[in-house]
2 protein chains.
Amino acid sequence: MPRSASQPRRRNPRQSRSQATCDAILTATARVLVKDGYDAASTNRIAKEAGVSIGSLYQYFPSKEGLVVAVMERHRTQSLAEFEAGLTQLASQPLPVALRALIGQVIASKVDNPRLHQVLHELLPRLREWGTVDTFEQRLIRMVRAFLLPRAHDIRPANLDMAVFIMVHTVDALCHAAVSQRPDYLEDDTFAEELCALVLGYLRPEATSTPRRRGRSEPRRLSPARRQERAAPAR
Amino acid sequence: MPRSASQPRRRNPRQSRSQATCDAILTATARVLVKDGYDAASTNRIAKEAGVSIGSLYQYFPSKEGLVVAVMERHRTQSLAEFEAGLTQLASQPLPVALRALIGQVIASKVDNPRLHQVLHELLPRLREWGTVDTFEQRLIRMVRAFLLPRAHDIRPANLDMAVFIMVHTVDALCHAAVSQRPDYLEDDTFAEELCALVLGYLRPEATSTPRRRGRSEPRRLSPARRQERAAPAR
DNA sequence: TGAGAACGTGAGCGGTCGCTCACATTCTTA
DNA sequence: TAAGAATGTGAGCGACCGCTCACGTTCTCA
């Protein structure tokens with residue numbers, strides 16, 4: 001049984017020399033993961049690719065799992081920061097405009113090095129098995145929730161938490177599906193437009209053929225007072 | 001290097017005794033996968049769980065990969081058959097009714113043994129790595145496409161293939177996300193309703209605030225004549 | 001400048017895993 | 001009922017993998 005991935009480092013690099021070693025190991029790991037996948041990526045192979053000895057690798061990373069977790073964290077931190085930047089920048093825009101820009105941004109972030117995104121995405125379930133709680137996804141969900149909260153009265157879904165869950169997973173999953181099965185879609189503006197239509201159509205209050213007036217029935221629409229009740233706990 | 005998973009069986013069972021052995025191995029594999037995951041599921045362990053010797057296992061399955069592929073095929077064949085039955089039965093229903101029923105059916109299929117669905121779903125990328133083309137997904141996509149084709153003029157998306165890709169992956173991914181992260185959603189009718197709203201909102205022609213008349217702009221709507229042009233090849 | 005801390009090295013240990021093969025047992029069939 | 005086909009057995013092989021540890025090398029700083 002390999003040791004837990006939870007303690008992130010075995011020894012902190014103090015000199016710049018060792019910091020460079022750490023970086024080399026991390027980027028080499030990403031490179032080997034991209035080239036061979038997780039199973040074929042042995043730690044000896046990663047060390048060789050990084051140009052360091054296997055011993056050095058285990059000076060800074062507690063296990064193969066810990067190493068992969070570190071790569072994941074570096075990658076997700078960066079992605080999340082980019083996303084947050086986009087989100088705050090677009091906060092005052094109308095929803096369709098902001099959404100279109102955000103989806104374009106998400107797709108663009110995968111277009112550069114799609115294979116790494118793919119490998120890391122497919123590694124996520126294993127991270128969960130290793131007990132690494134996915135803080136990043138929680139932060140992402142909180143960010144989207146905060147973005148949507150001021151607009152809560154203009155959108156259809158009564159349960160905001162569920163709506164955010166659905167939106168985040170929809171966009172993420174479709175981007176990943178495109179990366180691994182239809183790379184051509186990533187370059188196709190139609191795909192981004194359709195993703196946008198999907199999410200907007202989900203948020204848009206129901207349109208009935210009778211214009212403006214309330215249609216035949218909107219049984220699932222709740223008053224603001226009841227909204228809180230239905231909402232799931234913050235988790 | 002393990003041998004390829006493509007040749008499905010090493011030897012065909014001729015007597016009922018060996019057929020029972022095969023079945024025992026397959027169900028034991030599913031059980032061990034559920035209990036321990038793919039990595040910890042050694043072939044010796046599976047054989048022990050099935051109550052047969054490791055030699056017998058390799059009489060009927062060419063490799064660990066081949067064994068997992070067989071489990072996957074058995075499972076997907078059954079799921080696909082159920083889905084197809086629902087699809088043909090609902091073919092004449094109006095779209096919202098049919099869609100709601102289908103989504104309910106998909107969710108219900110995961111509710112029974114969710115962990116197996118989860119494990120197999122997370123194993124899909126590896127199947128692709130092993131060169132097992134996912135015929136089942138292609139068949140699923142063709143089925144949904146055929147279901148949607150007669151209604152193509154009532155729905156918004158111009159590129160039917162892309163729409164089917166988006167719908168199938170959306171529903172699948174959200175069900176899987178619920179299975180592995182929010183099992184409570186699977187029992188919650190609201191979740192099914194929201195999934196339905198998501199897909200219907202995607203297919204529904206755009207409603208603008210100005211009723212009935214064309215709104216400010218619908219630049220991306222194509223005439224039926226141009227539809228064919230934009231549609232992706234059959235793949 | 002030298003002592004000790006930080007950093008780097010790689011042979012190899014302990015263990016597991018996928019899989020084989022020589023052989024035993026059970027069934028079919030003429 | 002006997003011969004041979006089908007089926008079942010499990011010790012163990014070869015390969016690889018994660019990881020350690022005893023030992024060099026380079027840096028820091030009093």
Side-chain angles (χ1 to χ4, degrees), chain A residues 1-26 28-29 32-33 36-71 123 126 129-130, chain B residues 1-26 28-29 32-33 36-71 123 126 129-130:
Chain A
M1 166 97 70
R3 82 173 56 205
S4 158
S6 53
Q7 60 242 47
R9 294 274 158 113
R10 174 163 294 183
R11 180 188 289 184
N12 291 52
R14 295 221 199 298
Q15 308 171 2
S16 68
R17 181 169 49 132
S18 56
Q19 185 56 60
T21 302
C22 268
D23 283 355
I25 292 170
L26 285 172
T29 305
V32 174
L33 281 179
D36 305 337
Y38 177 81
D39 294 311
S42 76
T43 49
N44 277 284
R45 220 160 133 39
I46 289 170
K48 194 160 289 176
E49 178 87 18
V52 304
S53 78
I54 180 65
S56 289
L57 191 154
Y58 280 97
Q59 294 249 338
Y60 300 104
F61 301 96
S63 63
K64 183 183 175 181
E65 295 179 0
L67 177 54
V68 169
V69 167
V71 171
L123 233 34
R126 274 195 254 207
E129 263 175 36
W130 300 339
Chain B
M1 165 102 69
R3 80 172 58 206
S4 156
S6 53
Q7 61 242 48
R9 294 275 158 113
R10 174 164 296 184
R11 181 189 287 186
N12 291 51
R14 294 217 198 304
Q15 308 172 2
S16 68
R17 181 170 48 131
S18 56
Q19 185 57 60
T21 303
C22 268
D23 283 354
I25 293 170
L26 285 173
T29 305
V32 174
L33 282 179
D36 305 336
Y38 177 81
D39 294 312
S42 77
T43 49
N44 277 286
R45 219 160 134 41
I46 290 170
K48 195 160 289 178
E49 178 86 19
V52 304
S53 78
I54 180 64
S56 289
L57 191 153
Y58 280 97
Q59 294 251 338
Y60 300 104
F61 301 97
S63 63
K64 183 183 175 182
E65 295 178 1
L67 176 54
V68 168
V69 168
V71 171
L123 233 33
R126 275 194 254 208
E129 263 175 36
W130 300 339

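Predicted model, so just to flag it, every value in this text is computed and none were measured. Letters A, B, ... mirror the listed sequences (proteins, then strands); counts begin at 1.
Shown here are the ring pair (Phe, Tyr, Trp, His ring centres under 6.0 Å) partners of B:Y38, two or more places apart in sequence or in another chain: B:W130. A search for side-chain hydrogen bond (donor to acceptor under 3.5 Å, both in side chains) contacts involving B:E129 returns nothing, not counting sequence neighbours. Considering only residues two or more places apart in sequence or on other chains, A:R14 meets the salt bridge (Lys or Arg N to Asp or Glu O under 4.0 Å) condition with none of them. Under the salt bridge (Lys or Arg N to Asp or Glu O under 4.0 Å) criterion, A:R45 pairs with A:D36, not counting sequence neighbours.
Across all their heavy atoms, B:A41 and B:I46 have their closest contact at O-CD1, 4.1 Å. The nearest pair of heavy atoms linking B:A50 to B:A24 is CB-O, 3.6 Å. In terms of heavy atoms, B:A70 sits closest to B:F61 at CB-CE2, 3.8 Å.
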Please step through side-chain contact (heavy atoms from CB on, under 4.5 Å) for the pair B:R126 and A:D39, ending with a clear verdict. CA-CA 10 Å; B:R126 275 194 254 208; A:D39 294 311; 3.0 Å; yes
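Rounded to an integer number of Å, the gap from NZ of A:K64 to P of D:dC19 is 9 Å. Whole-Å rounding puts the A:Y38 OH to D:dC16 C1' distance at 15 Å. The distance from atom OH of B:Y58 to atom C1' of D:dG12 is 14 Å, rounded to the nearest whole Å. Nucleotide D:dG18 holds its P atom 15 Å from the CZ atom of A:F61, rounded to whole Å.
For the segment residues 41-55 of chain B, residues with any heavy atom less than 4.0 angstrom from an atom of DNA chain D are, sorted by number, B:V52, B:S53, B:I54, B:G55.
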Distances for protein N or O near nucleotides 1-7 of chain C N or O, under 3.5 Å:
residue: C:dA6; atom: OP1; partner: A:R14; partner atom: NE; Å: 3.2
residue: C:dC7; atom: OP1; partner: A:R14; partner atom: N; Å: 2.5
residue: C:dC7; atom: OP1; partner: A:Q15; partner atom: N; Å: 2.6
residue: C:dC7; atom: OP1; partner: A:S18; partner atom: OG; Å: 2.7

